[in-house]
J.: 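Can you keep this structure in mind? I'll have questions shortly.
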Amino acid sequence: MIDALNATPQEAFETLLAGNRRFVTGYPEHPNQDAARRTEIAPAQSPFAVLFGCSDSRLAAEIIFDRGLGDLFVVRTAGHVAGPEVLGSIEYGVGVLGTPLVVVLGHDACGAVAATRAAVADGTTAGGYVRDVVEKVTPSVLAARAAGHTEDAEFVAEHIRHTVDLLLDRSRALAEAVEEGRVAVVGLSYRLADGTAHLVTTRGLDLSAGAAA
Ligand SMILES: [Zn+2]
């Protein structure tokens, strides 16, 4: 049982990875999903991680990390694109709830990345507010193309790295929390077929202690 109020970024990350391993191997424990937990946390929440991921229906946060009520403060948008409301939600998780870890969760075969690659390649554009999603993924796609990447996994990883950088560039509160060692930001890439989450990038996390995705 993780004590979210006193957990280090490292402990939070290891807890998350342990849950993903249980999910992958087919032995989930479904922690914190009963009536006792519901009652325990009704007065106040203290999640151990902010999870900012793609909205993709196959990326259900509490399922793939084998967690329950009150564990994760979840923010999800198509292609994990971040605007003011997303940044405010993340700052709330870190600043008010005191979570020690922020996770950016992307995945292979991401529709938002694929749509943006197609739009960039064809010079086309999406309609309505989907256009805003495509426009926010575009810098990542352009960077991946400029680096000579061609594989889906490389484009996804580039977009995850860009998203981590963007959060820290835009949010002074998050950047300061990382500088002070209170919070780490990690970018994970999830594989839909086997359910594994792989480390793409980290800020403020000491991996020498042994945690590895
Ligand atoms: Zn996606």
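Model, not experiment: these values are computed from the prediction. Atoms considered below: every heavy atom in the structure, side chains included; atoms not considered: hydrogens, waters and symmetry mates.
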J.: Is the shortest heavy-atom distance from the side chain of L199 to the side chain of F13 under 4.5 Å?
T.: yes
J.: So do I90 and L167 actually touch side chain to side chain, heavy atoms under 4.5 Å?
T.: yes
J.: With distance as the sole test, does N32 use its side chain to make a donor-acceptor pair with the main-chain N or O of R67 at under 3.5 Å?
T.: no
J.: Determine which pairs satisfy ring-ring contact (aromatic ring centres under 6.0 Å, His included) with at least one residue from residues 21-65, sequence neighbours left out, and list them in order.
T.: none
J.: Can I get a per-line list of side-chain donor-acceptor pairs under 3.5 Å for residues 123-138, giving both atom names and the distance, sequence neighbours left out?
T.:
residue : atom : partner : partner atom : Å
R131    : NE   : E135    : OE2          : 3.2
T138    : OG1  : V134    : O            : 2.6

J.: Applying salt bridge (Lys or Arg N to Asp or Glu O under 4.0 Å), can you list everything that pairs with R22, at least two apart in sequence or on another chain?
T.: E29, D66
J.: Starting from L16, can I reach V200 by hopping between I/L/V/M/F/W/Y residues whose side chains sit under 4.5 Å apart?
T.: no
J.: More than 12 heavy atoms of other residues, nucleotides or ligands under 6.0 Å from CG of L142: is that the case?
T.: yes
J.: What is the distance from atom CG of L101 to atom CG of L51, rounded to the nearest 0.5 Å?
T.: 9.0 Å
J.: So, taking the atom named CZ in R145 and the one named CZ in R117, what distance separates them when rounded to the nearest 0.5 Å?
T.: 8.5 Å
J.: Could you check if a side-chain atom of P9 sits within less than 4.5 angstrom of a side-chain atom of L205, using non-hydrogen atoms only?
T.: yes
J.: Show me the side-chain donor-acceptor pairs of residues 78-89 shorter than 3.5 Å, one per line, residues at least two apart or across chains.
T.:
residue : atom : partner : partner atom : Å
H80     : ND1  : T163    : OG1          : 3.1
S89     : OG   : E85     : O            : 2.8

J.: Could you check if a side-chain atom of L59 sits within less than 4.5 angstrom of a side-chain atom of Y190, using non-hydrogen atoms only?
T.: yes
J.: If you look only at distance, which donor and acceptor atoms sit under 3.5 Å apart when one is on a side chain in residues 147-154 and the other is two or more places apart or in another chain?
T.:
residue : atom : partner : partner atom : Å
D152    : OD2  : A109    : N            : 2.9
E154    : OE1  : T150    : N            : 3.2
E154    : OE1  : E151    : N            : 3.1

J.: How would you list, by chain and number, every residue that makes a side-chain contact (heavy atoms from CB on, under 4.5 Å) with A118, sequence neighbours excluded?
T.: D122
J.: Quick test of your reading: applying side-chain hydrogen bond (donor to acceptor under 3.5 Å, both in side chains), list the pairs with at least one residue in residues 43-56, sequence neighbours left out, ordered by first then second residue.
T.: D56-R58
J.: If every non-hydrogen atom of A197 is compared with every non-hydrogen atom of N20, which pair is closest and at what distance?
T.: N-OD1, 3.1 Å
J.: Could you pull out all residues at least two apart from F73 that satisfy ring-ring contact (aromatic ring centres under 6.0 Å, His included)?
T.: Y92
J.: Do L188 and V104 make a side-chain contact, defined as non-hydrogen atoms from C-beta onward lying under 4.5 Å apart?
T.: no
J.: For A7, enumerate each residue passing the side-chain contact (heavy atoms from CB on, under 4.5 Å) test, keeping only those at least two apart in sequence or located in another chain.
T.: I2, E11, P100
J.: Atom NE2 of H159 and atom SG of C110: how far apart are they, to the nearest 0.5 Å?
T.: 6.5 Å
J.: Is there a side chain to side chain contact (heavy atoms under 4.5 Å, CB included) between D194 and V24? Walk through the geometry before answering.
T.: CA-CA 7 Å; D194 64 20; V24 168; 5.7 Å; no
J.: Begin from the C-alpha positions of V74 and E62 and carry the test side chain to side chain contact (heavy atoms under 4.5 Å, CB included) through to its verdict.
T.: CA-CA 9 Å; V74 178; E62 282 87 354; 3.8 Å; yes
J.: Verify whether one side chain among S171 and E91 offers a donor that lies under 3.5 Å from an acceptor in the other.
T.: yes
J.: Side-chain donor-acceptor pairs under 3.5 Å in residues 179-187, sequence neighbours left out?
T.:
residue : atom : partner : partner atom : Å
E180    : OE1  : R182    : NE           : 2.9
E180    : OE1  : R182    : NH2          : 3.3

J.: Consider side chain to side chain contact (heavy atoms under 4.5 Å, CB included). Of T201, V156, D108, L105, which one does S189 pass it with?
T.: V156
J.: Could you measure the distance from the CZ atom of R191 to the CD1 atom of I64? Nearest 0.5 Å is fine.
T.: 13.5 Å
J.: Members other than L69 in its cluster, when Ile, Leu, Val, Met, Phe, Trp, Tyr link by side-chain heavy atoms under 4.5 Å?
T.: I41
J.: Do you know the tightest heavy-atom contact between E158 and S140?
T.: CG-O, 3.5 Å
J.: Give, for atom CD1 of I160 and atom NE2 of H198, the distance between the pair rounded to the nearest 0.5 Å.
T.: 10.5 Å
J.: Partners of R37 by salt bridge (Lys or Arg N to Asp or Glu O under 4.0 Å), sequence neighbours excluded?
T.: E40, D71
J.: When clusters are formed by joining ILVMFWY residues with side-chain heavy atoms under 4.5 Å apart, either directly or through shared neighbours, do V103 and V178 land in the same one?
T.: no
